[in-house]
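A quick write-up on the structure given underneath.
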Amino acid sequence: MSHFVLIDGNSVANRAFYALPLLSTSAGLHTNAVLGFTTMLLKVLEEMKPTHIMVAFDAGKVVFRHSEYAEYKGGRSKTPPELSEQFPLIRELLDAFSIKRFELEGYEADDIIGTLTKQADEQAWKTTVITGDKDMLQLVSEQVSVALTRKGVSEIELYTPKEIHEKYGLKPLQIIDLKGLMGDSSDNIPGVPGVGEKTALKLLHEYGSVEQVLENIDKVSGKKLQENLRENVDKANMSKALATILREAPVELDVQETGYEGYDGVPLSEFFKKMEFKSLLSKIKVAQPAAGSEQADAKPFSFEMISEENKAAYESKLTSPMALYIEMDGENYHHAPFLGVGLAAEDTVMFVPWDVAKEWQVLCEWLADPAKEKWVFDGKRDTVGLAWHDFAIKGISFDVYLASYLLNAAESNPTLDSIAAQYAQTRVLSDEEVYGKGAKRLVPEMDVLSEHVAHKAAAIWQSVPVLREQLAENEMEKLLGELEAPLSMVLALMEKQGVKVNSERLVQMGEDLDKKLAALTDQIYELAGGAFNINSPKQLGEILFDRLSLPVLKKTKTGPSTSADVLEKLAPYHPIIDAILTFRQLGKLRSTYIEGLTKEIHTKTSKVHTLYNQATTATGRLSSTDPNLQNIPIRMEEGRKIREAFIPSEDGWYMLAADYSQIELRILAHISQDENLIDAFQKGMDIHTRTAMDVFGVSEEEVTSLMRRQAKAVNFGIVYGISDYGLSQNLNITRKEAGDFIERYFDVFSGVKRWMDEIVQQAKADGHVTTLLNRRRYLPDIRSSNFNLRSFAERTAMNTPIQGTAADVIKLAMIRMQEAIEEKGLDSRMLLQVHDELVFEVPENELEVMRQLVPEVMESALSLNVPLKVDVSDGRTWYDAK
DNA sequence: TGGATCACG
DNA sequence: ACGTACGTGATCCAG
């Protein structure tokens, strides 16, 4: 049966460009979009086996829509030169694949594809459209499916009328009405103001089309919505017209000419060589032994199932290096049962059920042998998981999880299926596909499970050389090898060690809170004149703004805001406000920190064992979950008491906390080279007081507490990438006043101003910013013509080098600190990291040593042109280490 | 499941 | 004119 595949070339190239790090050949030619395009093509050819295939491109400047609406696509950022230069290469690529490409002066790829799918419908051909553009869903029919690329281009999601109905409750053609109502900022289609996806869907479910909605405005619920619709009838109609893909373009293409019989490996491998796609070269040889032969496909995947009986025969297969994946039942590796072990090398793939593995002496020795190199996905998970089973693992020499995160921190928490799609030939199913999700989650039968795990191991094996190549290209080998990889082993120790919790203390605090909350609840009901759910912003809003007629100062998408900063302003109007604020505060302590924390206490150890996520944040910081130990209260005294429940795990020991003082501003001083800021730190001054002196032009004695508070807010703003609006919100002053502060700040700290301008310029030129240790963050919106997107990216460009370098520094300090503890044979243990703070438990006889050693190591982690300063303190509980 | 809120740096 | 502070995670409600 025929299968016609139509590819939206511009859309796929764009997606690929922004999803992959900016790779280039040794000659400096950028190739990331080409690589993404290639990966997608190989996948489509293999999985869809098209009999006919074609790629459409936009052509010419004047698209017919422009004459209808001058702003069309006005919101779209200019194509960056790094991408433009790749289009000719993509054309070359298609020629090498012998795939027909097509463009039509004055028309977009959408319109060409729209026209061809109409013909396909008429001829009843099975057709699949590949694109990243959701608008194209309007083309779906019984004959035509649309495959949307996801996660860049590495995954595709197939839509037939059934999926569209399931997701939106709409017929494919109603996608046009959906866009007409909600608009599309990326194409600058305005839509109706105040109507987003939810409202648009509600309206369409009721009335069916834009026209029907407009005819029935009077019946629509919601006064504001009616008003918006009435005032924007023209906009809605125009938006619908703009969103409609043309299906009558003058396309003169004989579909028979797009017939596809596979590619010739010779020109393709030539092209790959030119692009320096070394890893893909091997792949096409396998896929293309003889043109046209049915046997051309890669050899079927196979692996060895290891059992008690046959294991002896595979002892010699445990080589070095080797890829290793440990499958566990669940996310939390402190508890998750082990299911099995996948192993892979050049010509071996094995699966060992855990019951077999744990009794296989040779495997356990291999795991513990530091000379046997292991390539893994998340070595911390393996290390901690195995430690709970009393097994050791040594010799982890490459971690694809960390490598993939460094190459693109925007894709947080990389999964093995997406890594495989980007860097390997083997396809790995997502865990959700194998296990199901939510209540339906189930460990599958052994045959399914073993194959899944075997694929994972094989994918790790194949990914490593590609990842190594790309890390080298981006000069991030040291960042991985000397920072993130050793850090993961330090974090493994900290997580496994855990922190002892005094649960009696928590219970006691919980009982106190229960009493106070009960009293507050009565008081609030009385003041409100009836019972309601205080935790529901909606119900609370009704009480405050309807029944008590308090003024609405701020709104959220769903109604009037009841957030703390608004309530604080309302406090003078009514006594209920203070009661609500206290209720919220205490309620948070009870639910998150008493009940939530108690649930996480490990029954055997009476400790909490957090999970540090090393591959989540865009800036390079860690995050902590289950429980989150990086947001334990400290600012308010009542909350701070929670820290009394965090205690040393050995009798007579102490908690010791050490935090960097003003690390972000010190880093700013270093990277901006601002003389004034450097001077302040070299003189060891209080930085907020010094800022107040300079900004307000007063002497140290004349700085009032208000001036210092305002200067402190300005310093925060500087680190966040300042805006007058943000500062005015924070300080409750006018925008003008905030603007004046900023101006005066930049007068005195002109080096900071210069650096901020430069870093934004640099981000625009490179498309990314970096930290001192060359951690990289891509900022695709930095060239956007959309003010909001661009401003956000600009602030990020200013903040990320600062926050990210601070993360680099403390990570380095943690590695040095663990080394120091081991070298000196100390019993003290590192327990927690809270961004700029490290917490240890320390035996009494090591207190003196640690009070010296910890600040010394932390302050010398990285040498800057201002000193780093660390404050250290200790006590019987975490609370007392203040 | 997404939004609002609030805990931390 | 636009409408925001930077980075996280947990809990609760409502649809």
Side-chain angles (χ1 to χ4, degrees), chain A residues 75 185 196-198 201-202 409 412 437-438 532-541 554-567 580-581 584-597 599-600 610-613 616-636 638-640 642-643 659-660 662-664 713-731 735 738 742 777 785-804 806-807 810 832-837:
Chain A
S185 57
E197 182 171 304
K198 279 195 175 165
L201 284 174
K202 206 178 83 195
S412 72
K437 66 169 172 178
F532 66 102
N533 186 344
I534 310 170
N535 278 323
S536 161
K538 198 180 155 207
Q539 294 183 33
L540 179 60
K554 198 166 91 181
K555 282 187 186 168
T556 67
K557 282 179 200 167
T558 51
S561 167
T562 67
S563 63
D565 61 318
V566 173
L567 294 188
I580 289 166
L581 283 167
R584 283 240 180 104
Q585 203 192 339
L586 300 185
K588 177 90 176 180
L589 290 180
R590 181 171 64 177
S591 67
T592 304
Y593 298 104
I594 304 286
E595 289 168 2
L597 199 58
K599 270 185 231 146
E600 296 290 343
T610 190
L611 301 171
Y612 284 107
N613 201 322
T616 293
T617 70
T619 55
R621 275 190 176 181
L622 301 177
S623 82
S624 156
T625 59
D626 307 303
N628 181 352
L629 294 182
Q630 293 182 319
N631 69 347
I632 303 300
I634 190 166
R635 293 172 191 169
M636 307 295 284
E638 283 129 308
R640 191 172 192 158
I642 298 280
R643 295 178 176 225
D659 66 299
Y660 282 106
Q662 303 299 345
I663 188 169
E664 293 190 336
V714 173
N715 279 328
F716 268 97
I718 291 294
V719 171
Y720 294 157
I722 200 148
S723 75
D724 52 4
Y725 184 86
L727 183 64
S728 72
Q729 287 296 297
N730 191 291
L731 282 177
R735 217 169 135 162
I742 294 168
R777 179 175 184 179
S785 58
N786 177 317
F787 178 88
N788 283 327
L789 290 178
R790 190 180 63 245
S791 302
F792 190 28
E794 286 171 356
R795 291 197 294 274
T796 312
M798 299 184 247
N799 172 264
T800 296
I802 303 173
Q803 193 184 116
I810 195 164
L832 296 172
Q833 189 252 44
V834 194
H835 310 307
D836 66 352
E837 174 189 11

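Numbered from 1 within each chain, the chains take letters A, B, ... in sequence-line order. Since we're looking at a predicted model, the values are computed, not measured.
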Could you check which of dG3(B), dA7(B), dG7(C) has an atom nearest any side-chain atom of N631(A)? dA7(B)
Options dT4(C), dT1(B), dT5(B), nucleotide nearest the side-chain atoms of K437(A): dT1(B)
To the nearest Å, give me how far apart [atom1] ([X]) and [atom2] ([N]) are.
X	N	atom1	atom2	result
R640(A)	dC8(B)	CZ	P	10 Å
L622(A)	dG9(C)	CG	C1'	14 Å
Q833(A)	dG7(C)	CD	P	17 Å
N628(A)	dA7(B)	CG	P	13 Å

With a non-hydrogen cut-off below 4.0 angstrom, is [X] in contact with a base, only sugar-phosphate, or nothing?
X	result
V719(A)	nothing
I632(A)	sugar-phosphate
A807(A)	nothing
A797(A)	nothing

DNA chain C: 5'-proximal contact among P537(A) and F716(A) (nearest heavy atom): F716(A)
Assign each of G596(A) and N799(A) to its nearest nucleotide of DNA chain C by heavy atoms, then name whichever residue's nucleotide is nearer the 5' end. N799(A)
Using both pair distances under 3.5 Å as the test, note the stems of at least 3 consecutive Watson-Crick or G-U pairs that include DNA chain C. B:1-9 with C:6-14
How about F532(A): does its CZ atom have over 12 heavy atoms from other parts shown lying under 6.0 Å from it? yes
Not counting sequence neighbours, which residues clear side chain to side chain contact (heavy atoms under 4.5 Å, CB included) with A738(A)? List them please. D724(A), L727(A), S728(A), I733(A)
